Amino acid sequence: MAVVRIPEENRTLTDRGELTRYLASIGIDYERWEPAHAVAADAPAEKILAAYAPEIERLKASGGYVTADVIDVFPQTTGLDAMLNKFNREHWHDEDEVRFIIEGRGLFHVHPRQGPVIAIEVEAGDLLRVPRGTHHWFDLCPDRRIRAIRLFQDVSGWTPHYTGSGVDKGFEPACFGPAYIPRQTVAH
Ligand SMILES: [Fe+2]
């Protein structure tokens, strides 16, 4: 399950319905694809894409996506820092950023036109659609591991346009990790 944090309001959303509604209110689609298909997280990309073909086809039909691939990032990935530095500053794309997480974690920050900056920590089973034009940035969590299905309307549209606002510098790329325990649970 994803976790949404709103640092400016000192709020953390961990309830699936609540965070889904909050994300929808700023134009971001969030889904859980459950149960996960019977395919190993380290299976070849074509097996992953075949297993999730029904969901991928549904998204393609609704969002006009034409291609899907699997991105695989490890701590030892060649050129990882250069790759991460392309996306960890506030930017937008001319097409949607659509990710379904197979393994690992990641941290999206979204800066809506109206409302505070939010952090969305995603993990396996989470589908996120950040619409074209949305200001956002992305960091890996400390384990620097993520595997995700990506969908594209047009691969050429997925070049980052930087805002240069510097807003990203005001937010820590902090992940809670899988051991995260909601505060309200601790209080009880
Ligand atoms: Fe992006």
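This is a predicted model, so every value here is computed, not measured. Start at 1 and go down the list; that is how both ligands and their atoms are numbered.
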For this session: List the steps, then state whether side-chain hydrogen bond (donor to acceptor under 3.5 Å, both in side chains) holds for H109 with H111.
Result: CA-CA 7 Å; H109 277 88; H111 185 189; over 6 Å; no

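Among the heteroatoms counted here (N, O or S) of H136, NE2 is the one nearest to the Fe ion (ligand 1). Considering just the N/O/S atoms of E97, the one nearest the Fe ion (ligand 1) carries the name OE1. Of all N, O or S atoms in H93, the one lying closest to the Fe ion (ligand 1) is NE2.
Nearest heavy-atom pair, G27 versus P131, reported as atom, atom and distance to 0.1 Å: O-CG, 2.9 Å.
A donor and an acceptor atom, one from each side chain of H136 and H91, are located under 3.5 Å apart.
By the 4.0 Å N-to-carboxylate-O rule, D139 lies too far from R144 to be salt-bridged with it.
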